[in-house]
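Heads up, the thing below is written out as structure tokens.
In the text below, chain A, chain B and the rest are named by the order of the sequence lines, each starting its count at 1. This structure is a prediction, so every number in the text was calculated from the model and none was measured.
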2 protein chains.
Amino acid sequence: MPRNTTRAEPGFRELTENNRSGPLFVRSLEKAMQVLAAFHHADAPLSLSEIAAQANVDRSTAQRMVHTLRSMGYIRRAGDGRGFVPGIRLLDHTLDYLRLDPLVRRATPVLQELRKEVRERVDLSLFDDLRVVYAVRLQSKRQTFYTTLVGHSVPSFCSSGGWAILSRLPDDRVRDILDRSDRRPFTPHTVTQIPAILDKIAETRANGYALSLNQILLGEIAAGFPVLDANGDPVAAIHVAGSLAEWTPEDFVNRNIPLALEAARAISQY
Amino acid sequence: MPRNTTRAEPGFRELTENNRSGPLFVRSLEKAMQVLAAFHHADAPLSLSEIAAQANVDRSTAQRMVHTLRSMGYIRRAGDGRGFVPGIRLLDHTLDYLRLDPLVRRATPVLQELRKEVRERVDLSLFDDLRVVYAVRLQSKRQTFYTTLVGHSVPSFCSSGGWAILSRLPDDRVRDILDRSDRRPFTPHTVTQIPAILDKIAETRANGYALSLNQILLGEIAAGFPVLDANGDPVAAIHVAGSLAEWTPEDFVNRNIPLALEAARAISQY
DNA sequence: GCAGCTGTATCGTCTTGCAATACAGAAGAT
DNA sequence: ATCTTCTGTATTGCAAGACGATACAGCTGC
């Protein structure tokens, strides 16, 4: 379940003083996207009134937006009579995103190779401020529903991928991100205190990779590796994830880290 | 590469006579989504002018739409200076779609089990008129880039999933779909003639599954199985796909069909 | 230095999105 | 049984605000 929401593209606010009020800002479009985003907090089909409430728009507005989005395939009626759900047309944009992201293109074959060698779950997640978003997912045998879904995200502050990325950011940006994060625990072992998180990040910086135990899911061990762009800034992470029922942390590290580190370097451009 | 585009939700046109002109239709939203959809035909970052041309809107309109979509994270600047690309925020809607589709929920664990047993690529694709759209993808060892991507689609007329679905539709709907399809071949073996396609569909109807050889990709063998909703109408298909370098068609059928057929029945609601 | 691109910014006009209002049908309560 | 409160859908007058012409600065290539 996503806990944080995306902000504008980083560095965008600098370009235009007040980016949601200038004459360039299309208010009706904002409302429309809020209508689509109403489903972010839903776990069942939404009625028009529910959509209007979630999106913070008038019921009439929701009606017209839904009508239009429906005519374009972005929303459809729920199979069983009542309410609306997201439409299949959205998946076309998923494909556009994945196809056109050079990082995803570059990473996919490398991850496939890595997956073949380590035989555990291998993922690519993209850095998005307070969270990392899974974009490529290569499963192993045992999986939960959410570990197969593209678009799923986990917080930066308590995931191996997040730590890997934070370990390559300047201290003040790390502080800023941790301060703004909603640091609710996922498991009893989730690290939520800022000093403890900073320790983890320091350890990650020293080792070159992040090791997380029981952070998001009980019984899960994961290693995260930063992926750098041409400027040396971290933009993504790759992960190898396994089960603590099968691995001791030592074996997991010895067996998987070298291969994954090499893969992360192959994807990085720095 | 997608060859066909999505239409409105089936049965929608019946509801409102002219669904893109009534007072309920929000024109600026249509333009905005066309702007986002401009990337469907792109294979590199798009400039404002290119977006305007693709979306059939004024450059000024494109500018304002892009500005707004950017401020919300749906579009971002390309990493290397010039142009725009789809933004990560789109993946949030991908997740909404996958989470809220009951079919995807039901199918995922069944497909994981199937994948474990057949050890070949296993997919779920959703019926969308002229095409089927991949929503769940469980890889095997050897993969191409596109066989890993959620949102990728293939035509109904020449894919095992398409045949599986068409085999459960009434004849006149099949004719209609075939007539409207752009039946360009993908490989020298792609079946493009309507009589030949109808033969394939008849064979599928008799067998209960569809077998495709070299239709989309040379060297690929795939079996497709229809998934039915509570009314008995086909809404999706599951696939098992392997390589002709490893399988004779007979072995492929004998080894994989029974398990996959059972999986398709488990997912169906009829 | 000119031509042709980028992306960005401003502004007056009149299109068109807004929200109040209404209605039929279904679900549930009493 | 009726009364209430949900659905989703449809109409309409008014004025908010989207449209698109126009302009400009910063590139790249010729």
Side-chain angles (χ1 to χ4, degrees), chain A residues 8-9 11-35 38 42 44-72 75-85 87, chain B residues 8-9 11-35 38 42 44-72 75-85 87:
Chain A
E9 173 182 355
F12 182 74
R13 201 183 290 95
E14 286 100 81
L15 290 174
T16 63
E17 289 287 287
N18 42 359
N19 60 352
R20 0 202 100 194
S21 60
L24 285 176
F25 193 78
V26 183
R27 239 156 294 248
S28 74
L29 171 50
E30 181 184 37
K31 293 186 185 179
M33 299 317 281
Q34 284 170 347
V35 162
L46 294 180
S47 74
L48 272 181
S49 310
E50 289 169 327
I51 291 173
Q54 273 294 338
N56 234 340
V57 300
D58 189 88
R59 215 180 80 106
S60 275
T61 302
Q63 179 194 1
R64 281 176 295 106
M65 298 298 180
V66 167
H67 174 91
T68 307
L69 289 168
R70 227 185 6 136
S71 78
M72 304 184 77
I75 285 183
R76 68 170 204 273
R77 303 219 45 167
D80 46 333
R82 274 189 165 22
F84 301 92
V85 291
Chain B
E9 173 184 356
F12 182 75
R13 201 182 290 94
E14 287 100 82
L15 290 173
T16 63
E17 289 287 287
N18 41 359
N19 60 353
R20 6 199 94 195
S21 60
L24 285 176
F25 194 77
V26 183
R27 239 157 295 248
S28 74
L29 171 50
E30 182 185 34
K31 293 185 185 179
M33 298 317 282
Q34 285 170 347
V35 161
L46 293 181
S47 74
L48 272 181
S49 310
E50 289 170 326
I51 291 173
Q54 272 296 335
N56 233 340
V57 300
D58 190 88
R59 215 181 81 107
S60 276
T61 303
Q63 179 194 358
R64 280 176 293 106
M65 298 299 179
V66 166
H67 173 92
T68 306
L69 289 169
R70 243 178 88 179
S71 79
M72 304 185 78
I75 285 182
R76 69 170 203 275
R77 303 223 41 172
D80 46 334
R82 272 187 167 27
F84 301 92
V85 292

Rounded off to whole Å, could you give me the [atom1]-to-[atom2] distance for the [X] and [N] pair?
X        : N       : atom1 : atom2 : value
Met65(B) : dA18(D) : CE    : P     : 8 Å
Phe25(B) : dT11(D) : CZ    : P     : 16 Å
Ile51(B) : dT6(C)  : CD1   : P     : 11 Å
Leu24(B) : dT11(D) : CG    : C1'   : 9 Å
Ile75(B) : dT8(C)  : CD1   : C1'   : 16 Å
Glu50(A) : dT5(D)  : CD    : C1'   : 14 Å
Glu30(B) : dT16(C) : CD    : P     : 11 Å
Leu46(B) : dC5(C)  : CG    : C1'   : 15 Å

For the [atom1] atom of [X] and the [atom2] atom of [Y], what is their distance to the nearest 0.5 Å?
X        : Y        : atom1 : atom2 : value
Met72(A) : Phe25(B) : CE    : CZ    : 6.0 Å
Leu46(A) : Arg82(A) : CG    : CZ    : 14.0 Å
Leu69(A) : Arg76(A) : CG    : CZ    : 14.0 Å
Met33(A) : Thr68(B) : CE    : OG1   : 10.5 Å

Shortest non-hydrogen contact from Leu48(B) toward Gln63(B): CD2-CA, 3.9 Å
Closest contact, heavy atoms only, Val35(B) versus Ala62(B): CG2-CA, 4.4 Å
5' precedence on DNA chain C between Ser49(B) and Leu29(B) (nearest-nucleotide basis): Ser49(B)
Filtered N/O pairs between nucleotides 20-24 of chain D and protein, under 3.5 Å:
unit_1	atom_1	unit_2	atom_2	d
dG20(D)	OP2	Thr61(B)	OG1	3.1
dA21(D)	OP2	Asp58(B)	OD1	3.4
dA21(D)	N7	Ser60(B)	OG	3.4
dA21(D)	N6	Ser60(B)	OG	3.0

Ser28(A) side chain, from C-beta outward: closest of dC19(D), dA27(C), dC18(C): dC18(C)
Candidate nucleotides dT9(D), dT8(C), dT7(D), ranked by approach to the side chain of Leu48(A) - the nearest: dT9(D)
Side chain to side chain, Arg64(A) and Thr61(A), heavy atoms closer than 4.5 Å: yes
Contact check, side chains of Ser49(B) and Arg59(B), non-hydrogen atoms, under 4.5 Å: yes
Below 4.0 Å: OP1/OP2 of dT6(C) and any side-chain N or O of Arg77(B): no
Phosphate OP1/OP2 of dT7(D): any Ser47(A) side-chain N/O under 4.0 Å: yes
Pairing string, 5' to 3', for DNA chain D - Watson-Crick or wobble contacts under 3.5 Å, brackets [ ] where pairs cross, | to another strand: ..|||||||||||||||||||||||||||.
Steps toward side-chain contact (heavy atoms from CB on, under 4.5 Å) verdict (Val57(A), Met65(A)): CA-CA 10 Å; Val57(A) 300; Met65(A) 298 298 180; over 6 Å; no
